[in-house]
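Have a look at the structure below, then the notes.
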Protein chains: 2
Amino acid sequence: MQQNSNFSRRKNNCSSCSLRESCLPVGLEEDEINAINFLINRSCKIRRGSYLYQAGMDFQSLYIVRSGFFKTYVLHEDGREQVTGFHMPGEMLGLEAISTDVHTCHAVALENSEICKIPFTRLEEIGRVIPSLMHHFHKIMSREIAHNHEAIASLGGMKARERLIALLLNLSNRFAKLGHSSSNFSLCMTREEIGSYLGLKLETVSRAFSKLQNDGLIKINSKSVQLNNISWLKQSKLGNYNVAKEIIEGTELQ
Amino acid sequence: MQQNSNFSRRKNNCSSCSLRESCLPVGLEEDEINAINFLINRSCKIRRGSYLYQAGMDFQSLYIVRSGFFKTYVLHEDGREQVTGFHMPGEMLGLEAISTDVHTCHAVALENSEICKIPFTRLEEIGRVIPSLMHHFHKIMSREIAHNHEAIASLGGMKARERLIALLLNLSNRFAKLGHSSSNFSLCMTREEIGSYLGLKLETVSRAFSKLQNDGLIKINSKSVQLNNISWLKQSKLGNYNVAKEIIEGTELQ
DNA sequence: TCGAAAATTTGGTCCAGATCAAAATAAAAC
DNA sequence: GTTTTATTTTGATCTGGACCAAATTTTCGA
């Protein structure tokens, strides 16, 4: 079988693949580990700016981001791009395509990235013999749904400033989970992409950043952001701006 | 076993349950049919206004709407209600809770409804021996994700009028799939709930309805809607209002 | 069936964010 | 390193939809 040869050749080339490393329950048998290695040991590099998949393409595989950063987007009927998500290492892409066997959005690397490819049919097969793997997959899909609900709530109920703060806090959490700093990170998307995701124009995003910086809540230098105090930000997001301001003025920033 | 007695007692009381009826691949063995009956033969009635589940409750089961109509919503930190979806017969509720084993949103019946309860652990067990059932479940979750992407795109990139048209067309499709009229149906949510879902205030929703009616695209009578011509609506949603208007004025409406 | 409460419509005012414009930076190509 | 191109910032104006208010209609409980 062609897959068997792949398996032996690529046995160890996907060591940071998070499906195995950080998400699976421990206590698996060696056979099971081998099966999972077989499943996920197909990694490849995607250069900044290239597509992992495009809307309309046949669905075969899911992907886990190993390193780098992706955005997904759909096109409005008039051709405008609508960003539907940003995706960091450890996160899964392609889930929306299972229902129709066709991808319904575009996935582009925002920086040079690596992904693990997971043939979906095989995931279902192996999941049948490793229930904890299947259950884990269900959690991943569910998390995606929960996360979408948050995005809908953000778009539907918040003002520009609040949406931007919500995004910053969300990214901060996700970086923290990867073991990176939760207060200093680099945005690898443009203001326009942020705006598209948040339902705002790029000028509004830029102004909101400037305002947050003037208020002493963040520091921005083009792509790099520093969150001065995450709990102030949370306060400020609640519209409880005066509280945040008092705290700020009462303490560090003169 | 208590479930076995349930099973025999309720053998045939879930005949319209769509997981079995309209969604499963045909060609199952009798054993498999029995297993699925066992899985889904737990129906119950939910009165208009009562909760199917609430945020914070432990997750045990998924639910399929058999009849009626539900909304799901989350609460913003300040207590405002943010509607995250409307749910019609055949659709599944509770998917967002798998990831944390806790429900993260509230589900309320908007009219007297019936649901099938599906214990999730059992779904995973039976899915292991009936792969087509499991695959079907994956498609359902995936469809939910794809649908959320649409909602995000609608909120992020459309104006009030377009969002409302998008919702009407979406409901129209879903009613059609249930075998109901795609052009005449009854909204069982309030303007405020529509507004919350679409990121608009109720007054804006009301004005948008009035405007669409004046333009001859729809007819509304409090809760009941009639779509005069679905392709005009689609045109009009594309911002191509003049085309729609020309068509309208050139034909039926004087 | 009637009266109270809830939902909807419609009118007016105001403001957050869109849009238009132009300068200032940063990134990419040569 | 220099030019070119893309991105970001900032300013000025305009507008869609929020917000406030009141009249009207619908729904529902007694």
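Convention: sequence-line order gives letters A, B, ...; per-chain numbering from 1.
- Taking atom CD of A/Glu193 as the reference point, atom C1' of D/dT8 lies 14 Å away to the nearest angstrom.
- Rounded to an integer number of Å, the gap from A/Arg191 CZ to C/dA26 C1' is 11 Å.
- Cation-pi geometry between B/Lys177 and B/Phe175 is not met: the NZ or CZ atom fails to fall both under 6.0 Å from the ring centre and inside 45° of the normal.
- Among the atoms of the strands shown, only primed sugar atoms or phosphate atoms (P, OP1, OP2) are found under 4.0 Å from some heavy atom of B/Thr190.
- Between B/Ile115 and B/Ile46, some side-chain heavy-atom pair lies under the 4.5 Å cut-off.
- An end-to-end axis angle of 70° holds for the helix from C/dT1-D/dA30 to C/dC30-D/dG1, taken from five base pairs per end and rounded to 10°.
- Contact between the side-chain N/O atoms of A/Ser210 and the OP1/OP2 oxygens of D/dT10 is found at a separation under 4.0 Å.
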Give me the distances for all protein-to-nucleotides 4-6 of chain D N/O pairs that come in under 3.5 Å?
none

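- Both B/Val205 and A/Thr204 sit near DNA chain C, but only B/Val205 has its closest nucleotide nearer the 5' end.
- Residue A/Lys159 places none of its side-chain N or O atoms closer than 4.0 Å to OP1 or OP2 of C/dG17.
- Within 6.0 Å of CD on B/Gln60 lie no more than 12 heavy atoms contributed by other residues, nucleotides or ligands.
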| request: Summarise how protein sits on nucleotides 21-30 of chain D as a single string, 5' to 3': B when a protein heavy atom is under 4.0 Å from the base, S for sugar-phosphate-only contact, - for no contact. | output: -------S--
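- Ring centers of A/Phe86 and A/Tyr197: under 6.0 Å apart, within the cut-off.
- The interatomic distance linking B/Lys211 (NZ) with D/dG17 (C1') rounds to 14 Å, in whole Å.
- Between A/Phe209 and A/Arg191, some side-chain heavy-atom pair lies under the 4.5 Å cut-off.
- Checking D/dT8, C/dT8, D/dA18 against every side-chain atom of A/Leu202, the shortest atom distance belongs to D/dT8.
- The nearest whole Å value for the distance from the NZ atom in A/Lys201 to the C1' atom in D/dT13 is 17 Å.
- Nucleotide D/dT10 holds its C1' atom 16 Å from the CZ atom of A/Phe209, rounded to whole Å.
- Contacts of B/Gly195 with the nucleic acid, taken as non-hydrogen atoms under 4.0 Å apart, are absent.
- Side chain of B/Ala160, nearest nucleotide from C/dA18, D/dG17, D/dT9: D/dG17.
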